[in-house]
J.: 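Questions regarding the structure given below will be posed in turn.
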Amino acid sequence: MIQIKDFKNYEEKVIETQGWVTNRRSSKGLEFLILRDGSGFAQCIVSKDDVSDDVFNVASKLTQESSVKLKGKVVKDEKQIGGYELHVSEIKLIGTSVDYPITNKEHGIEFLMDNRHLWLRSKRQWAVLKIRNRLIYAINTFFQKEGFVQTDSPIFTPNAAEGSTTLFSSKFYDDDAYLAQTGQLYGEAMAMAMGKIYTFGPTFRAEKSKTRRHLSEFWMIEPEMAFYDNDMNMDLIEKFIKYIVKDVLENCETQLEMLNRDITVFKNIISEKFPRLTYDEAVEIIKGKKKINGKISIEVLENDLVQIKKKIEENKNEITEKEKIIAGGVKKGKRNFLQNRIDTLKNDIHKLEIKASNIPKWIESAANFEYGNDFGGSDETVITRMFDVPVMVYNWPHQIKAFYMKRDDENPELAKGVDVLAPEGYGEIVGGGERETDLNLLLSKIEEHNLPMKEFEWYLDLRKYGSVPHAGFGLGLERTVAWVCGTQHIRETIPFPRYYGRLRP
RNA sequence: UCCUCCUUAGCUCAGUUGGUUAGAGCGUCGGACUGUUAAUCCGCAGGUCCUAGGUUCAAGUCCUAGAGGAGGAGCCA
């Protein structure tokens, strides 16, 4: 049995393959079946001249998502997505499929999410999940090559590691327990045992967030390195991100093409050095006081707004023009074509209008940004708009960072944390930093954050018995997949997303 | 938790100032066509206009409440 991805090795050979029919087109003596088998997609042609009447009848009755076993000859055809098609000689129906709900027309997001278990079969989702898989592979390969030990942290935890965010509560026999929001503290313990470690597991945040960047359940990679300071940490982050992006570019060309991802944006990421901004510098950029490549952030946004408004006008004009043509009376095929174009334009206008209405708010919030605050989504967008590679922001006011973040020796108001902001508004993909080693400072921080001291006794032991400088970070897998794939929403990047309002399927 | 918008056929959506029998495309089903790429063309079927209440001679359309959804803010990876 040959998989579609291996067709290239069987040119002009007769082979057997099996899969699902995602679409069927027909003309008088020809049936075009699009077969998928998880390894790829391929067009299979059944010609009346080549097969018995029985086989042709089976082919002409095949419905979307019926499963079949096919025998046929592999033929090269440049027009096809995989470069090859199958000239079928025999068909065996394995399983029928009646009234498959997801058609080849556009669907709304709610309907698709309700049918997520079937939506996963479609091309776009296949491409995204393949890239997710490759990213996971690249992440593991990178850390293994760098000599890291993979050691996982527990999911049931007795306390909040970072205090502020909301946790999912649970029961652990008779004890109250929470689902982990990070494995960070356990990671530190494991780094003291193994040197350099990384965890890779699910994390849970009960934030009632309804944005394209949030999930309630997501996967995080958290490396932790003994004897690392924050500069070494940032070097590692940059090397790491470059490695995984390069790996996906080299191995997922077909998938990126299917997603219409503009891969030129990734070329810089591999070659260019990521800008490293202190929090102070980032604030100056947000407030429009610091020029980047001779440009002021607020002016760039104002210019964006002008461009967007211009684009909206252009789209509106095109719609009016096309509607006139339709009203004038045209053939059905032409009308459908024009109508589709109008629908696309209307959709674009809708998205552009949302953006246009957001930009003035961003400008206002950027201009009024108060030093000492954490960045909001809009502030991140303002910063990343100025660069075409991920941006690192470090040396944050210590008040807005977690209790375990190390204070800067030269300026105790600052904590040695680092956030990495992805380009194109995909937000913070990495958060990390150097960890506090001063036991007394940790004790006062834990009190300050109103955290239960009893639950942190084991953690404080790490500072009592051979404490060393150490650092680490966390990478959000889904945000990274979303950025690499260029998906509109993070919920497409995980097979069965869990977010506020979505528990099934 | 707050703000804005949405809910009409299996799906995606039109539906004018409140006015006759509720509209299209896609999908399904039937038919035509021997190279289609969301194929195309012809035809049939398909409706609790989200729910409850109200205003009115008359409500898909207006008002009130509720439910569900989308986007954004906050919070964060």
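Protein chains get the first letters and strands the later ones, always in sequence-line order, with residue 1 at the start of each.
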J.: Given the P atoms of rG54(B) and rG71(B), what is the spacing between them in whole Å?
T.: 36 Å
J.: With C1' as the reference atom in both, quote the distance from rC44(B) to rC29(B) in angstrom, rounded to an integer.
T.: 8 Å
J.: For residues 22-33 of chain A, which residues have at least one heavy atom under 4.0 Å from RNA chain B?
T.: Asn23(A), Arg25(A), Ser26(A), Ser27(A), Lys28(A), Gly29(A), Leu30(A), Phe32(A)
J.: For Gly501(A), report the nucleic acid contact type (base, sugar-phosphate, nothing); a contact means any heavy atom under 4.0 Å.
T.: sugar-phosphate
J.: I want to check one thing: is the phosphate of rG71(B), taken as OP1 and OP2, less than 4.0 Å away from some side-chain N or O of Arg491(A)?
T.: yes
J.: Taking the C1' atom of each, how far is rA38(B) from rG46(B), in whole Å?
T.: 22 Å
J.: Taking rC50(B) as the reference, what is the distance to rA59(B) when you measure between their P atoms (whole Å, please)?
T.: 15 Å
J.: Determine the interatomic distance between P on rG15(B) and the same-named atom on rG23(B); round to the nearest Å.
T.: 15 Å
J.: Please report the distance, rounded to the nearest Å, between CG in Asp99(A) and C1' in rC29(B).
T.: 10 Å
J.: Can you work out whether Leu112(A) or His87(A) has the more 5'-proximal nearest nucleotide on RNA chain B?
T.: Leu112(A)
J.: Take a 6.0 Å sphere around CD of Glu257(A) and say whether it holds more than 12 heavy atoms from other residues, nucleotides or ligands.
T.: no
J.: So what does Ile34(A) hit on the nucleic acid, given a heavy-atom distance under 4.0 Å: a base, only sugar-phosphate, or nothing?
T.: nothing
J.: Using ring centroids (six-membered ring only for Trp), state whether Tyr459(A) and Tyr404(A) fall under 6.0 Å.
T.: no
J.: Please state whether the phosphate of rU1(B), meaning OP1 or OP2, lies under 4.0 angstrom from any side-chain nitrogen or oxygen of Lys208(A).
T.: yes
J.: Is there, by distance only and without an angle test, a donor paired with an acceptor across the side chain of Glu85(A) and the base of rG35(B) below 3.5 Å?
T.: yes
J.: Can you tell me if CD on Glu253(A) sees more than 12 non-hydrogen neighbours from other groups inside 6.0 Å?
T.: no
J.: Please report the distance, rounded to the nearest Å, between CG in Asp379(A) and P in rC76(B).
T.: 13 Å
J.: Could you tell me which nucleotide pairs with rA9(B) by Watson-Crick or G-U wobble geometry, both distances under 3.5 Å, or answer none if nothing does?
T.: none
J.: Looking at rG27(B), which nucleotide sits across from it as a Watson-Crick or G-U wobble partner, both distances under 3.5 angstrom, or is there none?
T.: none
J.: Would you kindly give the OH-to-C1' distance between Tyr426(A) and rA77(B), to the nearest whole Å?
T.: 16 Å
J.: Decide yes or no, distance alone: a donor-acceptor N/O pair under 3.5 angstrom between the base of rU36(B) and the side-chain of Gln80(A).
T.: yes
J.: Just do the side-chain hydrogen bond (donor to acceptor under 3.5 Å, both in side chains) check on Gln184(A) and Glu222(A) with the steps written out, would you?
T.: CA-CA 7 Å; Gln184(A) 141 94 56; Glu222(A) 296 183 281; over 6 Å; no
J.: Both distances below 3.5 Å, Watson-Crick or wobble geometry, any strand: find the nucleotide opposite rU51(B).
T.: rA65(B)
J.: Let me know the distance between CZ of Phe204(A) and C1' of rA77(B), rounded to the nearest Å.
T.: 14 Å
J.: Asp374(A) has an atom CG; how far is it from atom C1' of rA73(B), in whole Å?
T.: 15 Å
J.: P atom, rA9(B) versus rU48(B): distance in rounded Å?
T.: 8 Å
J.: Using purine N1 to pyrimidine N3 plus N6-O4 or O6-N4 for Watson-Crick, or N1-O2 and O6-N3 for G-U wobble, each under 3.5 Å, what pairs with rA58(B)?
T.: none
J.: Centre of Phe56(A)'s six-membered ring, under 6.0 Å away, within 45 degrees of the axis: is that where NZ or CZ of Lys61(A) sits?
T.: no
J.: If every non-hydrogen atom of Ile155(A) is compared with every non-hydrogen atom of Pro202(A), which pair is closest and at what distance?
T.: CD1-CG, 3.8 Å
J.: Please determine if Lys123(A) forms a cation-pi arrangement with Phe41(A), meaning its NZ or CZ atom is less than 6.0 Å from the six-membered ring centre and no more than 45° off the ring axis.
T.: yes
J.: When all nucleic acid strands are considered with a 4.0 Å heavy-atom cut-off, which category describes Val98(A): base, sugar-phosphate, or nothing?
T.: nothing
J.: Can you list, in residue-number order, the parts of residues 35-68 of chain A that come under 4.0 Å of RNA chain B, counting heavy atoms only?
T.: Gln43(A), Ile45(A), Asp49(A)
J.: Taking a pair as Watson-Crick or G-U wobble with both distances under 3.5 Å, which nucleotide is matched to rG46(B)?
T.: none
J.: Would you tell me whether Gln43(A) and Arg25(A) have side-chain atoms, one donor and one acceptor, within less than 3.5 Å of each other?
T.: yes
J.: Considering only rG69(B), rU36(B), rG27(B), which nucleotide approaches the side chain of Asp77(A) most closely?
T.: rU36(B)
J.: Using atom C1' in both nucleotides, what's the gap between rG19(B) and rC62(B) to the nearest angstrom?
T.: 14 Å
J.: Passes salt bridge (Lys or Arg N to Asp or Glu O under 4.0 Å), Arg121(A) versus Glu65(A)? Steps please.
T.: CA-CA 9 Å; Arg121(A) 300 181 182 195; Glu65(A) 289 303 316; 2.9 Å; yes
J.: Measuring only between side-chain heavy atoms, which start at C-beta, is Trp119(A) closer than 4.5 Å to Asp114(A)?
T.: no
J.: Using heavy atoms to find the nearest nucleotide of RNA chain B for Arg479(A) and Arg212(A) separately, return the residue whose nucleotide is more 5′.
T.: Arg212(A)
J.: Taking the same atom, P, in rC33(B) and in rC42(B), what whole-Å distance lies between them?
T.: 16 Å
J.: Calculate the interatomic distance between Asp114(A) atom CG and rG10(B) atom C1'; express it in whole Å.
T.: 14 Å
J.: Whole Å only: how far is the CZ atom of Arg213(A) from the C1' atom of rG71(B)?
T.: 12 Å
J.: What is the separation between atom CZ on Arg502(A) and atom C1' on rA70(B), rounded to the nearest whole Å?
T.: 12 Å
J.: Keeping Asp152(A) on the side-chain end and Phe200(A) on the backbone end, is there a donor-acceptor pair under 3.5 Å?
T.: yes
J.: Can you check whether His107(A) has a side-chain N or O nearer than 4.0 Å to OP1 or OP2 of rC26(B)?
T.: no
J.: For residues Met190(A) and Ile197(A), determine if any side-chain heavy atom of one lies less than 4.5 Å from a side-chain heavy atom of the other.
T.: yes
J.: Answer with base, sugar-phosphate or nothing: what part of the nucleic acid does Phe111(A) contact at a heavy-atom distance below 4.0 Å?
T.: sugar-phosphate
